[in-house]
Structure formats: structure tokens, C-alpha cells
Amino acid sequence: MSDRIKITLPDGSVREYDSGVTALEVVKSIGPGLAKAAVAVLVDGRPVDLAARLERDAKFSALKGDSPQGLEVIRHSASHLMAQAVTELHPGTRVAIGPAIEDGFYYDFDREAPFSSEDLEKIEKKMAELAAGDVPIERREMGRAEALEHFRKLGEGYKVELISELPESEPISFYRQGDFIDLCRGPHLPSTGRLKHFKLLSVAGAYWRGSEKNKMLQRIYGTAFDKKEQLEAHLAKLEEVKKRDHRRLGKELDLFSIHEEVGGGLVHWHPKGAVMRDIIETFWKAEHRKRGYQLAITPHIASEEIYRRSGHLQNYSDLMYSAMDIDGRPFRAKPMNCPGHILIYKTRMHSYREMPYRIGEMGTVYRYERSGVLHGLLRVRGFTIDDAHIFCRPDQLEAEVLGVYDFATFLLGSFGFKDLKVYLATRPEKSVGADADWDKATAALRAALEHHGVAYQLDEGGGAFYGPKIDLKVLDPLGREWQCTTIQFDFNLPERFDITYVDESGKQVRPFVVHRALLGSLERFFALLVEHYAGSFPLWLSPFQLAVLTITDAQTEYAKTLFDKFEKLGFRVKANFGAEKIGAKIRDAEMEKIPYMVIIGKKEEEDKQVSVRRHGQGPFDKLRAGDVGKMTVEELVDRLNKEVVQRG
RNA sequence: GCCACCGUAGCUCAGCUGGCAGAGCAGCGGUUUUGUAAACCGCGGGUCGGGGGUUCAAAUCCCUUCGGUGGCUCCA
């Protein structure tokens with residue numbers, strides 16, 4: 001048939017083609033430049049191959065390699081190329097799954113011998129050869145029986161399993177490049193020659209379909225980009241991530257340590273880390289008092305009876321440390337702060353007039369995390385939650401949620417996190433509470449966000465079992481998301497502990513309870529700060545704020561008086577009056593990332609001034625680094641004070 | 001927990017196919033008194049993660065154990 005079809009382009013224009021025209025021909029007719037850049041096309045929003053034939057009217061747009069969907073096509077094709085290289089280099093290797101992921105792609109293989117890093121290099125070389133061969137990548141559909149037969153003959157059991165689970169109705173598509181055929185929905189690049197900029201990164205174990213019950217496969221991770229510069233930028237970013245790693249900086253800057261003798265996931269804060277933590281806590285407490293919170297302190301171990309009552313024992317026993325016998329009663333390390341706060345609330349009657357009742361604590365808890373998931377300060381077994389519980393009347397809920405949201409953005413913003421993402425998580429399958437209550441609470445959370453004009457994403461079914469929640473994630477300079485704030489509505493505890501307040505009519509009624517943490521865990525938040533600032537902390541947080549450095553012994557006396565003066569003014573000062581040259585002292589202070597260096601030589605002593613040098617704040621703030629020039633002590637103090645106040 | 005990789009001086013790391021444990025930095029002692037990212041000389045420091053085995057001989061090969069790291073959700 002030679003019917004004509006109407007193709008609508010993104011700009012709204014409509015063009016006519018013969019039915020059966022290929023996507024590539026359409027793209028070419030739009031422009032040769034586009035034809036070169038296109039990796040696939042969207043037909044009515046669905047990504048398809050350039051070779052696909054168009055047979056009916058459709059909305060049409062080309063996918064270029066620089067778009068997220070285009071990049072996905074490139075990476076998916078790169079994963080196939082890798083699988084082809086692996087099966088050619090290592091015949092007998094069975095292939096499982098190989099999708100594009102956030103920053104690249106992976107492919108899972110089943111093979112007895114492990115892949116070494118030399119193997120990765122060889123595979124990458126083979127991929128380059130295969131790409132240079134510019135083999136066409138062709139789509140084909142097969143009947144179910146034929147497909148099963150084909151992969152069964154090859155011994156590709158994983159593919160057989162996948163095919164048998166595909167719905168009967170759907171056509172089963174395959175992609176072939178040379179001798180390599182893979183089950184795949186597509187789309188793919190038209191030929192392997194389009195893959196130029198890829199890199200294999202690591203190999204790791206991964207269970208078939210993510211389940212511990214299944215066989216462990218070998219997963220090779222890689223990444224691919226449209227342009228060389230993009231690949232290089234990505235690899236540079238990976239280097240930057242390594243440089244900022246809080247475990248590395250924590251050691252280099254003498255902030256904390258974790259000891260095998262003590263056990264994994266248990267953190268020792270060194271004096272310099274502890275100074276920072278103290279600043280964070282002091283600031284946190286002051287801001288809480290300002291906002292009507294009362295502060296509490298609760299014990300680190302408790303009879304397990306309390307956790308049975310709260311429900312934690314039943315729901316989280318595999319996260320709790322096993323019981324210790326105390327006077328014949330089983331006690332547990334505290335996994336949550338909630339029960340303690342509830343007990344404090346329950347010690348007396350509460351009037352509707354004193355609501356909301358807000359109680360907070362830097363509460364240290366202990367949770368058993370499986371050894372394999374421990375990671376620096378980000379995943380630990382003992383940590384401190386900046387916890388608080390708000391008991392309020394139903395009519396106060398929205399305002400309270402809003403208050404917490406504002407507080408969280410203020411607090412996170414104070415630590416340099418201005419980019420936030422907000423998630424509203426709704427009822428999960430396994431949960432407690434009446435539908436009506438869930439609806440009411442979810443609506444209140446939603447209303448708080450919407451009345452405030454907050455853009456948020458819905459996390460359907462992502463709530464806690466005891467209530468819906470709002471989560472805030474911060475974005476760091478490398479674009480990574482970190483969960484910090486959580487605001488959770490709790491249906492569980494008020495019931496379980498039977499807590500009440502007395503309303504206007506004298507009746508005892510159930511309060512609403514909002515559970516919230518703003519920074520999350522102090523350990524985790526601290527790690528985040530280290531990575532965010534790359535160890536170059538702002539003045540108000542820095543363990544040492546200034547270093548006083550002498551040029552020669554002759555200035556020691558004078559420098560000492562300055563040192564004392566700074567200390568008296570409350571600054572955290574380090575003295576270096578040793579015998580090294582000034583260059584070495586400056587280097588030491590720079591390496592330690594001390595924000596200000598105060599240099600005292602003969603000239604400074606004579607005219608009662610100081611020479612000031614500012615440490616760079618990492619790549620995003622190099623400008624104020626270096627020699628700042630001479631000034632009086634008063635001028636410097638003024639400058640320091642201003643900088644501390646603005647927390648920048 | 002599971003799979004892979006890694007454990008050598010306080011730190012970062014070298015030590016190839018078995019043949020006397022090394023470097024730089026840090027530390028300590030001395031010399032130097034210095035002008036914006038490393039002065040010079042010297043000294044001390046290691047059961048090569050632990051245990052077992054193979055061998056005339058093991059940091060090196062094998063087994064085992066402990067610890068660390070990466071990963072184990074993202075629809076073929």
C-alpha cells in the first residue's frame with residue numbers, strides 16, 4: 001500500500017510521508033545534522049529504533065545523544081556491546097540482564113572464573129574493536145517458541161527464564177549485532193560504530209534478580225556518553241567524589257575513626273570532629289528552644305518491655321541488638337527515641353491549652369546493620385538522631401508540619417544546603433491505622449506543602465508503617481541526593497501508649513503525634529558536611545578558625561599575645577611558632593584547611609598589624625583564597641565576626 | 001549475610017615468576033631564623049592482619065579466619 005501518513009513534529013508542523021517510511025528517513029528529511037545526532041526517535045512518546053517503519057499518523061521527535069532518553073539508548077547499546085565482547089572473549093559465559101542505569105550501565109554475567117581488572121581492560125579493548133567494526137544492530141521479532149528454542153540451545157538459561165515470564169500477548173523482540181543476539185525491548189543505536197565514548201568501571205557481585213536466594217552473578221559496571229568531553233567530565237567527577245570521600249578526609253583532617261577492636265559502625269569522634277559536632281549541637285539546641293521545643297535526655301538501654309509496647313520489638317527485632325540480662329529482666333540497647341519521649345509526656349495530664357507540646361533530643365540509638373552495608377559514617381551501628389516529637393491537636397497539625405518544614409529548610413540552609421527536594425510518601429501495603437485517618441493525615445501533609453507553594457514529588461506507598469511522611473533530600477555540589485529531614489505522622493504510638501490530653505469539654509482525647517528529624521543522624525550529616533565542603537569548612541564550623549604563624553623566633557612573644565587575644569575573643573586558634581620557614585608553616589595550615597592564616601614577621605610587629613591569608617574553599621570558591629594583605633587586628637576580628645555570623 | 005578485590009612502619013605506597021623487609025611523609029634529636037603551599041643532617045619505628053600448611057627457604061604459593069572496600073532496587 002502506498003498510503004500517506006501524517007507526521008507531527010515537536011514544533012507542531014505536520015509532514016506527509018509514504019506509509020512504511022523509516023524513522024531515519026523522516027529524521028533525514030528534517031535535517032542532515034539531526035540525522036547524525038539522532039540515536040533513536042520518539043513515536044507518540046514511545047522510544048523506537050531509527051530503522052523502525054512508520055505506518056500510521058504519529059507525533060514524532062528525534063532523540064539526540066545529549067537528552068536523558070537518548071543517553072539511555074547509548075548506554076543500553078553499550079551494555080549490549082560489552083556483553084558481546086564478554087561472550088566473544090569468554091565463550092560459555094551466560095548473560096543475564098544488562099540495563100542502562102542512572103550514570104551508565106551494567107550487565108550481569110554467570111561465569112565460574114571471576115573478572116579481574118585486567119579482564120575489564122581487555123573487554124574494553126574488545127568493545128572498541130567491535131565498535132570500530134561498525135556492525136549494524138538489527139531488531140527482529142521471534143515467536144515465543146522459536147525464541148525459547150534459540151536460547152535453550154545456547155544454554156542461556158537466564159534468557160529462557162525471562163522469555164517464559166513475558167506476557168503471551170507481547171511480541172518478543174531481539175537485537176542482533178554480528179553473532180550476538182540478545183533479548184531486548186530496545187531501542188538501540190543503528191550500529192556499533194555509534195559507540196565511541198565508554199569506560200568500564202568496576203565489577204561486583206549481584207544476585208540474579210536481586211534476591212539472596214538466587215545465584216550470585218558477576219556484574220560489570222560501565223558508563224557511556226555521546227561526547228568525549230561528557231565522558232571525561234564524568235570521570236573527573238568520579239575523581240572528585242573520591243577526593244571528597246568523608247572517610248579519607250576524616251582521616252586526613254583527624255576528625256574521627258572507627259576501630260576494628262571496638263567493632264564496625266561505631267564511631268570515635270576525635271577532638272577536631274568533636275569540636276564541630278559540639279558547634280552543630282549547640283546551634284541545634286538554641287534554634288529548637290527558639291521554636292518552642294523543650295529538650296529531654298533519655299537512657300541508652302531500657303527493658304525490652306517498653307519496645308514491645310511501642311511495637312519496635314515486633315517490627316524491627318532484626319535491627320535491634322539482642323537482649324542483655326539485667327536482674328533477670330531482658331534489656332535492649334535503644335533503637336528509637338520515641339518511647340522515652342512518650343513516657344515523659346505521659347507522666348502528667350496535658351491540657352489542650354499547652355498543645356503543641358514539642359520535645360526534642362539529640363538521641364543516640366543503636367541498630368544492628370549487616371556488616372556488608374556499613375559504610376564510613378553514612379551507615380553505622382551507633383548514631384545520634386536529632387529527634388523530636390510533637391504532640392498536637394488535630395487542628396494544629398498542618399501548622400506544625402509547616403513549622404517543621406520551615407525549620408528544616410532554615411537549618412539545612414545554615415549548613416550550606418540550599419538545594420532541596422521534597423517527597424511526600426503515602427501509605428504502604430503493610431501498615432496500621434484506619435483508612436480515614438491515613439487520608440486525613442496525608443491530606444494535612446499535602447495541604448501544608450501546597451499552601452506553602454512547595455514543589456514536591458509523590459512517593460506512592462513509601463510511607464512508614466505507622467503513618468505518612470514528608471522527606472527532604474539535599475543536593476550537594478556534585479548533584480548527589482542525600483536524605484536528611486523526615487517528618488512522619490504516627491498513628492501507632494498514641495494508641496499503643498494510650499496517650500491523651502484534656503480538651504475544652506474536659507474529655508480525654510487522643511493527640512496527634514508527629515515524629516521528625518531534621519539533620520537525620522549526626523554521623524551521617526557530618527559525613528555530608530565533610531563531602532559538601534570537601535573538608536574546607538566555613539569559618540563558623542571549622543575546628544580551627546585561624547593559625548598564627550611566625551616568620552622568626554623574634555616574633556614569638558608578640559605572636560603569643562595575639563594568640564591569647566584571639567582565644568579570649570572565643571576563636572579557635574592554632575599556633576605555629578616553630579623553626580620551619582614560613583612557606584612550610586603555610587603549607588601545613590593549608591593542608592589542614594584552616595580558614596585564616598595570620599602571619600607575624602618583623603614588619604607586622606613594628607606597625608602592629610597582621611598579614612592575613614585565606615584558605616581556599618574548594619573548587620567552587622577559590623576567589624577569596626590566598627594573600628589578603630595587611631590589616632590591624634581589629635579589622636581582622638571584625639572580618640572574622642562577620643564571616644562567622646553569615647555562616648558562609 | 002553473599003560475591004569480588006584488598007590488608008606490608010602512624011599515613012600513602014613499592015616489594016615481578018619464593019632467596020637478608022624498602023621509600024616518601026609524619027615522629028624524635030640536632031643544625032638553620034627563614035616573608036605566603038615542603039630548609040638540611042641524623043635516629044628510631046614492622047610477628048608483612050591472625051592461624052595453619054607446602055618448601056631447604058614464604059610478605060610472595062595453598063587453606064582458614066578476622067577486618068576493610070566495591071556491589072547486591074532501578075522491568076528483557
Side-chain angles (χ1 to χ4, degrees), chain A residues 72 76 79-80 83 95-103 105-108 110-111 113-117 119-120 147 151 156 158-167 170 172-175 182-186 201-221 242 245 247-248 251-252 254 257-264 318 368-376 549-556 577-592 597-604 611-616 625-630:
Chain A
E72 213 179 300
H76 198 170
S79 117
H80 276 221
V95 296
I97 290 182
I101 51 172
E102 174 118 23
D103 278 323
F105 61 88
Y106 68 78
Y107 213 114
D108 286 348
D110 182 6
R111 169 178 181 243
F115 290 111
S116 64
S117 38
D119 285 332
L120 288 199
F151 284 100
E156 294 285 8
Y158 298 104
K159 295 295 176 193
V160 171
E161 190 178 326
L162 291 170
I163 293 168
S164 12
E165 285 172 20
L166 287 174
E170 244 180 79
I172 305 177
S173 59
F174 296 84
Y175 281 80
D182 199 358
L183 168 69
C184 187
R185 196 172 49 186
L201 297 171
S202 62
V203 53
Y207 296 103
W208 167 236
R209 311 201 122 181
S211 165
E212 288 174 36
K213 295 189 185 105
N214 292 335
K215 180 161 185 185
M216 176 75 69
L217 307 174
Q218 296 189 62
R219 174 172 296 179
I220 301 180
Y221 283 93
K242 250 192 228 164
D245 192 315
R247 293 166 300 179
R248 171 191 179 133
K251 195 184 275 182
E252 281 173 15
D254 196 15
S257 57
I258 293 170
H259 301 264
E260 170 185 336
E261 301 93 310
V262 174
D318 50 345
Y368 172 72
E369 298 282 359
R370 300 200 291 176
S371 64
V373 306
L374 297 178
H375 181 93
L549 314 176
T550 49
I551 304 278
T552 76
D553 282 354
Q555 289 87 45
T556 306
F577 305 155
E580 306 97 311
K581 290 167 64 162
I582 191 65
K585 294 182 186 180
I586 285 172
R587 181 167 191 273
D588 287 347
E590 288 281 358
M591 300 273 283
E592 205 178 332
M597 286 150 273
V598 176
I599 294 151
I600 311 296
K602 194 170 164 205
K603 287 176 261 173
E604 286 77 8
S611 283
V612 178
R613 183 185 162 96
R614 184 66 171 80
H615 168 67
D627 196 345
V628 183
K630 275 213 267 188

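Numbered from 1 within each chain, the chains take letters A, B, ... in sequence-line order. Reckoned from all heavy atoms, side chains included, excluding hydrogens, waters and symmetry mates. Everything numeric in this text was worked out from a predicted model, so none of it was measured.
Using N1 to N3 plus N6-O4 or O6-N4 for Watson-Crick, or N1-O2 and O6-N3 for G-U wobble, each under 3.5 Å, B/rC2 pairs with B/rG71. Look at B/rA39: its Watson-Crick or wobble partner, with both distances under 3.5 angstrom, is B/rU31. Checking B/rU12 for Watson-Crick or G-U wobble geometry (two distances, each under 3.5 Å) identifies B/rA23 as its partner.
Within 4.0 Å (heavy atoms only), A/I582 reaches sugar-phosphate atoms of the nucleic acid but no base atom. Residue contacts for A/I551: at a heavy-atom cut-off of 4.0 Å it reaches a base atom on one of the strands shown. Heavy atoms of A/E156 sit nowhere under 4.0 angstrom from any nucleic acid atom. Residue contacts shown for A/F174 are absent, as no nucleic acid heavy atom lies under 4.0 Å away. Here A/L166 lies in heavy-atom contact (under 4.0 Å) with a base. Contact annotation for A/S611: base contact, defined as any heavy-atom pair under 4.0 Å involving a base atom. At the heavy-atom level, A/K585 lies nowhere under 4.0 Å from the strands shown. Within 4.0 Å (heavy atoms only), A/Y221 reaches sugar-phosphate atoms of the nucleic acid but no base atom. Backbone-only contact: A/G583 has heavy atoms under 4.0 Å from sugar-phosphate atoms and none from a base.
When the P atom is compared between B/rU73 and B/rA37, the two are found 49 Å apart, to the nearest whole Å. Look at the P atom in both B/rC11 and B/rG50: the space between them is 15 Å, to the nearest Å. Nucleotides B/rG51 and B/rA59 are separated by 12 Å at their P atoms, to the nearest Å. The gap from the C1' atom of B/rG52 to that of B/rC43 amounts to 38 Å, rounded to the nearest Å. As rounded to the nearest Å, B/rU65 and B/rA4 have P atoms that lie 13 Å from one another. Comparing B/rU33 with B/rG27, their C1' atoms sit 23 Å apart, to the nearest whole Å. The same atom, C1', is picked in B/rG22 and in B/rC48; the two are 12 Å apart, to the nearest Å. With C1' as the reference atom, B/rU8 and B/rA14 are 10 Å apart, rounded to whole Å.
Nearest heavy-atom pair, A/R111 versus A/Q218, reported as atom, atom and distance to 0.1 Å: O-NE2, 3.2 Å. Of all heavy-atom pairs spanning A/L374 and A/E369, the tightest one is CD2-CB, 3.9 Å. For the pair A/C184 and A/S173, the tightest heavy-atom approach, listed with the atom from each and the gap, is O-OG, 2.5 Å.
The base of B/rG1 lies close enough to the side chain of A/Y207 for a donor and an acceptor atom to sit less than 3.5 Å apart. Side-chain atoms of A/E369 stay outside donor-acceptor range of the base of B/rG1, with no qualifying N/O pair under 3.5 Å. A donor N or O paired with an acceptor N or O is found under 3.5 Å between the base of B/rA37 and the side-chain atoms of A/R613.
Out of B/rA76, B/rC72, B/rU36, the shortest distance to the side chain of A/I586 is found at B/rU36. In the set B/rA37, B/rA76, B/rU33, the nucleotide with an atom closest to the side chain of A/R587 is B/rA37. Checking B/rG70, B/rA76, B/rA38 against every side-chain atom of A/A204, the shortest atom distance belongs to B/rG70.
The 12-atom threshold is not exceeded at CD of A/E102, counting heavy atoms of other residues, nucleotides or ligands nearer than 6.0 Å.
Side-chain N/O atoms of A/K251 include one lying less than 4.0 angstrom from OP1 or OP2 on B/rU12. Distances shorter than 4.0 Å separate some side-chain N or O of A/Y106 from OP1 or OP2 on B/rC74. OP1 and OP2 of B/rA76 both lie 4.0 Å or more from every side-chain N or O belonging to A/H76.
A salt bridge does not link A/E580 to A/R587: none of the charged side-chain nitrogens sits closer than 4.0 Å to a carboxylate oxygen.
In this pair, A/F174 and A/F151 present their aromatic rings parallel. The plane angle is below 30°, not in the 30 to 60° band.
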